[in-house]
Amino acid sequence: MSWAAHELESYILHKHTKVKVSYLAILLGCFLPDMGTKGTVYGFEIGSLSFKPENAWDYHRGWPGVGFTHSLAWGVVLALAVLLIFKSREWALGLLIGQWAHVLTDCFDSVGVMLFFPFNDQHYSTGMWAYAAQEGRYGDAAAYYGSLGLAWDLFWLAMLAYNYRSLTSKYFKQHVYPADPAWGWLRHRVGLSDRFLLALYHAYFLYGACRIFAWTIWAQTSEDAPMDWKWGGPYWVDKATVDHPPVTEFLSNTLVGLTGLVAFCWVVWLAVGRRLWLHTPPYAEVEIVRTSVPRPRHSTENDGDEGDDGARNDDEPSPETDTDRDTDTEPVRQSPDRA
């Protein structure tokens, strides 16, 4: 499993997605597969209640277990649910992108993921670093930051440094804020300032970057975990692995799984997805520009008609000025047909 990559990759994904999509949804999607599973995979004890999976990797990435959360089909189901319940294209697409990114990232450890579940339960893994959740939270962290897992997190940090414009205030105002109604809700309903919203946007960048260096320093000092840059390391941990079938069987399973996933997505799109998508207009932040009506100027030429005009104007409503209205309007969803 990755530790800081899931926080950092959300910025890169948002910047290079060519359609309007919610950054917050991408970030949530990057976390979703491990929410409720990563905490339990290490085991816990609350009073008399305790839980500890017998095989951490089998529970976390296998079936029976919660391994279905690390499959591509599960991301499609979640995106469809968001589109149905919240009527937001930007959130449905963002959640799908983030969840798929998490799944593909976790293919790099020694256990991998069931990419095409439920159409097959074959694991896809490059074995770049050791899966060590069975060693507990701290043992897992020491193994990850004592291996090529550190290189993986540093790669995403370098990618974000290269795309530093995605962290600027200008990018946030032009691309992040207008694409997501959640930011307007936080600003208008919760009362958060623009500066606070920008800080909130930067929060997971700072959290991810600090996490990399803090865990690495801890692993190399407190745990005395030797750095092992070999593929599949570190050598000193009893890593979990899965048995891979012969090449022909592997390719056959992949073809079946890929065909099943494509067919599933196509049927879901035709049966439900297309109708929901077309009936959900894209989010648009509409700025209502108000102009004040100028008052008629008083002149001596109109003195003679002042009585008649005054009587007539008394019955007419006086124009409102800018100060009479609240110009701080909330963003609204507007259909392109009505725009």
Side-chain angles (χ1 to χ4, degrees), residues 1-10 24-71 73-75 77-78 81-82 85-86 95 98-99 101-103 105-106 109-114 117-118 121 123 129-147 149-150 153 182 186 190 200 203-204 206-219 221-225 234 236-242:
M1 62 184 73
S2 301
W3 282 65
H6 298 316
E7 289 92 353
L8 303 177
E9 64 190 2
S10 58
L24 292 175
I26 294 178
L27 180 65
L28 180 61
C30 287
F31 288 151
L32 268 180
D34 283 343
M35 292 178 69
T37 64
K38 193 171 182 179
T40 56
V41 74
Y42 298 130
F44 65 88
E45 185 174 348
I46 304 176
S48 59
L49 177 64
S50 62
F51 175 79
K52 178 71 174 180
E54 184 177 351
N55 295 313
W57 71 266
D58 198 22
Y59 163 78
H60 188 206
R61 301 284 182 81
W63 180 259
V66 293
F68 67 90
T69 61
H70 287 69
S71 66
W74 181 242
V77 173
L78 292 176
V82 168
I85 298 172
F86 298 102
L95 202 70
Q99 197 270 349
H102 183 118
V103 169
T105 297
D106 281 356
D109 62 35
S110 61
V111 169
V113 300
M114 298 185 298
F117 185 84
D121 58 358
H123 284 251
W129 62 81
Y131 180 97
Q134 68 280 359
E135 302 295 326
R137 178 177 178 82
Y138 294 103
D140 190 14
Y144 184 82
Y145 286 105
S147 68
L150 171 61
D153 280 1
L186 290 172
V190 182
L200 188 63
Y204 273 98
L206 296 174
Y207 174 68
C210 292
R211 198 180 190 193
I212 294 173
F213 296 108
W215 278 113
T216 301
I217 293 172
W218 169 84
T221 56
S222 300
E223 290 296 299
D224 191 24
W236 42 264
V237 70
D238 185 18
K239 68 180 179 181
T241 58
V242 293

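For clarity, every value in this text was computed on a predicted model and none was experimentally measured.
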Inset, instruction - Give a yes or no on whether Tyr204 atom OH has more than 12 heavy-atom contacts from other residues, nucleotides or ligands under 6.0 Å away. - result: no
Inset, instruction - Count the heavy atoms belonging to other residues, nucleotides or ligands that lie under 6.0 Å from CH2 of Trp215, then report whether that count exceeds 12. - result: yes
Legend entry - Short side-chain to backbone donor-acceptor contact, His6 and Phe31, under 3.5 Å: no
Legend entry - More than 12 heavy atoms from other groups under 6.0 Å of CZ on Phe213: no
Inset, instruction - Taking all heavy atoms of Ala5 and all of Ser2, pick out the closest pair and write down the distance. - result: CB-CB, 4.0 Å
Inset, instruction - Would you give the length of the straight line joining atom OG1 of Thr37 to atom OH of Tyr42, rounded to the nearest 0.5 angstrom? - result: 9.5 Å
Inset, instruction - Any chance you could measure Leu27, atom CG, to Leu32, atom CG, to the nearest 0.5 Å? - result: 10.0 Å
Legend entry - Distance in Å, Leu28 CG paired with Leu78 CG, rounded so as to fall on 0.5 Å steps: 9.0 Å
Inset, instruction - Any chance you could measure Glu135, atom CD, to Asp238, atom CG, to the nearest 0.5 Å? - result: 6.5 Å
Inset, instruction - If the plane angle is over 60° it's perpendicular, under 30° parallel, otherwise tilted; pick one for Trp218 and Tyr138. - result: tilted
Inset, instruction - Identify whether the distance between the nearest side-chain nitrogen and carboxylate oxygen of Lys38 and Asp140 falls below 4.0 Å. - result: no
Legend entry - Under the salt bridge (Lys or Arg N to Asp or Glu O under 4.0 Å) test, residues paired with Glu7 that sit two or more places apart: Arg211
Legend entry - Test item: Gln99 side-chain N/O and Thr69 main-chain N/O as donor-acceptor pair under 3.5 Å: yes
Inset, instruction - Check the side chains of Asp153 and Tyr145 for a donor-acceptor pair under 3.5 angstrom, ignoring hydrogens and angles. - result: yes
Inset, instruction - Could you grab the distance from atom CH2 of Trp3 to atom CG of Leu150, nearest 0.5 Å is fine? - result: 13.0 Å
